[in-house]
Number of protein chains: 2
Amino acid sequence: MLTSRQLQILKVIIDDFILTAQPVGSRYISKKESVESSPATIRNEMADLEEMGFLEKTHSSSGRVPSEKGYRFYVDHLLSPSQLSKNEKTEIEGTFGQRMLEFEQVVERSAGILSNLTNYTSIILGPEVFENKLKQLQITPLNKETAVAVLVTNTGHVEHRVFTIPVEIEPSDLEKMVNILNDRLKGVALIELPNRLNEEVFSLLREHAEHYNDAFHYLRSALVDDKPAKLYVGGKTNMLMQPEFRDVDKIRSIMSMIEEERDIAKLLKTNDQGIQMMIGHENPFDALQHCSIITANYYLGNQQVGTIALLGPTRMEYNRVVALIEELSKNMTKTFKEWY
Amino acid sequence: MLTSRQLQILKVIIDDFILTAQPVGSRYISKKESVESSPATIRNEMADLEEMGFLEKTHSSSGRVPSEKGYRFYVDHLLSPSQLSKNEKTEIEGTFGQRMLEFEQVVERSAGILSNLTNYTSIILGPEVFENKLKQLQITPLNKETAVAVLVTNTGHVEHRVFTIPVEIEPSDLEKMVNILNDRLKGVALIELPNRLNEEVFSLLREHAEHYNDAFHYLRSALVDDKPAKLYVGGKTNMLMQPEFRDVDKIRSIMSMIEEERDIAKLLKTNDQGIQMMIGHENPFDALQHCSIITANYYLGNQQVGTIALLGPTRMEYNRVVALIEELSKNMTKTFKEWY
DNA sequence: TTTAGCACTCGGAAGAGGTGAGTGCTAACA
DNA sequence: TGTTAGCACTCACCTCTTCCGAGTGCTAAA
């Protein structure tokens, strides 16, 4: 167990290193109000903390730097989420005070706020669209060969897909067909659509007109939804301002990963409640070994639909960031609740 | 006027510098097959070329490096667009050989091809949506207060906007209303919609039901289209591989500009036919002073709708890039032509 | 247990010297 | 008159050394 002096010293070191990115020395710590001891005593304590794995040295005669274990201990035991500053409050209230009607808008602005206020990169994982329920289907012919199917879901999300149609289809037939489809498919989850089409609707359509065999085939392909959850990224260039990422190669691997989307999306997809943190090697990706990721989920009603995350160096302002993310996920959840 | 030997030397220098990013010396040039003279002669010519402003030295005893004027002369007079390589051909044909139905898909893949094959950053400016003509309008109520308006245009583009509705509206009334709107607004350009609504439709709606005063107001706001043309960017991280952009600050200003979108969009918006090039300071933005931008337009029918561009260092493989962009803009134009 | 003192370590800045790729200039040559 | 060989010169870059200072660990005294 750590003594209270060790706790204090560890906290001072991490707090200071987060601010300056410079190794912290014993003399400097001794001058802090919160610590009374002399540099020599502090050196002894630091040596102990290093032995326990909470601190590291960059070279044999340098000051101390937090290890990943140190950060982990810090966020688990020493973290006191800070109050939001006036500036932060006004920015959040200014945005969520406005009436927003579109999901994308809320998410995009949230990502913007998060990256603006932190100088880190914000990543928001959107909802899995395929869980949405169909509210209305519309098919609009574009020319002789193609038509566009538009699906509006219960959450106000709009999907569209262009597909080929058999030449023979008549406008009036099409209308009939769309009516049947709407009648039978309303309320069905998008991912279920192709199946439902098979079971119920096919026979029904067949009764009402010819040539539906072909049409059916094409329509079905149009209704298959294989789009992954969308990723909203804010402040991509913020990473370039962090001193630990002055190295172009490091930055490139991180940015490639963000651009790739797939791995990041997988990483963020959790169902856990509250704030989650991954510090350095706690995530499996080489590119993110010097990064920390803080995530929180947001909800639509009681259902968790997406994740809001912040990507920064392991030397992250955890206390500020945690407060911010908590506040934002609350605001998002609240906004969505008002809609439904 | 330049002698043919000077032309040859200039070409060798630029070709080589584009490949290696290293200053080119006289001894090296003299060993090239295409040049017969001795290093001393070449030095004399190089001194002349420098005096004329086509070459520069990085320091007093370094080899020569092309100046922006040099590049400009090169692309104007020495450029022989290269044949596409087998690799390039298969990648393009592989993509455009598939049947693609959606505009976004074509543009996104084109951007992908361009950045993959070049290691530069590709930027494609989408069409101005507001010029599209309305094909079908649909309004779907989401809850008591909001509805989503979906607009399908003649190009298969789908726009949607959530808007507030007055509480009193009945489903059957809504259907009537949508029918009237579709009847009156089909074929109208999106940007014209709000006006048309004023002139013709308002009175018509009024005759058919009460409460349209309010509904009208909200609907109108939903039909205002202020979205700028969309930007499709591919290979954002490619810039980080160019040796001239090892400097994090340079990269940051370039990436911020791309992320910003507004200035880039303005820069790309041209009506000129054929390939356009901006070399270094020929563009007005500080961040892009060491970049070149090659653009070509693509067409929908005879109408120019968007621009396809490649952003790289001034030391760009102009001959390859020009051939590629030409080929791609042709393929895009052709694909779109088949649709309409 | 704490602290003062001291020798020690190491990164980083500054300077010196050497190397090599490249130049410009001059004078001889075809 | 244009071309070329020869040569002195320049400058980036590398390496080696030196010096400095911030910081350490250890020891012995308080």
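Reminder, nothing fancy here: chain letters follow the sequence lines and each chain counts from 1. All values reported here derive from a predicted model rather than from experimental measurement.
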Query raised in the report: How long is the line joining CD of Q22(A) and P of dG21(D), in whole Å?
Result: 18 Å

Query raised in the report: dT1(D) C1' sits how many Å from E45(B) CD, rounded?
Result: 14 Å

Query raised in the report: Got a second to check how far R109(B)'s CZ is from I124(B)'s CD1, nearest 0.5 Å?
Result: 13.0 Å

**Report entry** R27(A) or S37(B), whichever maps to the more 5' nucleotide of DNA chain D
**Finding:** S37(B)

Report task. Show your reasoning for whether side-chain contact (heavy atoms from CB on, under 4.5 Å) applies to L268(B) and I293(B). Result -> CA-CA 9 Å; L268(B) 297 191; I293(B) 301 166; 4.1 Å; yes

Query raised in the report: Does S38(B) get its side chain close enough to the base of dT4(D), under 3.5 Å, for a donor-acceptor pair?
Result: no

Query raised in the report: So how far is it from D247(B) CG to R246(A) CZ, rounded to the nearest 0.5 Å?
Result: 7.0 Å

Query raised in the report: For the pair made of CD1 in I42(B) and C1' in dT4(D), what is the distance, rounded to whole Å?
Result: 11 Å

Report task. Have a look at T58(A) and say if it touches a base, only the backbone sugar-phosphate, or nothing, with a 4.0 Å heavy-atom cut-off. Result -> nothing

Requested in this report: Could you list where the contact with chain A starts and ends along DNA chain C, reading 5' to 3', using a 4.0 Å heavy-atom cut-off?
Outcome: dT2(C) to dG11(C)

Query raised in the report: Between S60(B) and dC11(D), is there a side-chain N or O to OP1/OP2 distance below 4.0 Å?
Result: yes

Report task. Examine distances only and state if a side-chain atom of N319(B) and a backbone atom of P81(B) form a donor-acceptor pair shorter than 3.5 Å. Result -> no

Query raised in the report: Does a nitrogen or oxygen in the side chain of R5(B) sit under 4.0 Å from OP1 or OP2 of dT3(D)?
Result: yes

Query raised in the report: Is it true that atom CZ of R27(B) has more than 12 heavy atoms of other residues, nucleotides or ligands lying nearer than 6.0 Å?
Result: no

Query raised in the report: Looking for any heavy atom pair under 4.0 Å, which part of the strands does T41(A) touch: base, sugar-phosphate only, or nothing?
Result: base

Query - Rounded interatomic separation in angstrom, taking CG from D16(A) and P from dG23(D) - result: 11 Å

Report task. Take E259(A) and K236(B) through the salt bridge (Lys or Arg N to Asp or Glu O under 4.0 Å) test and state the conclusion after the steps. Result -> CA-CA 8 Å; E259(A) 212 175 347; K236(B) 278 186 198 143; 5.6 Å; no

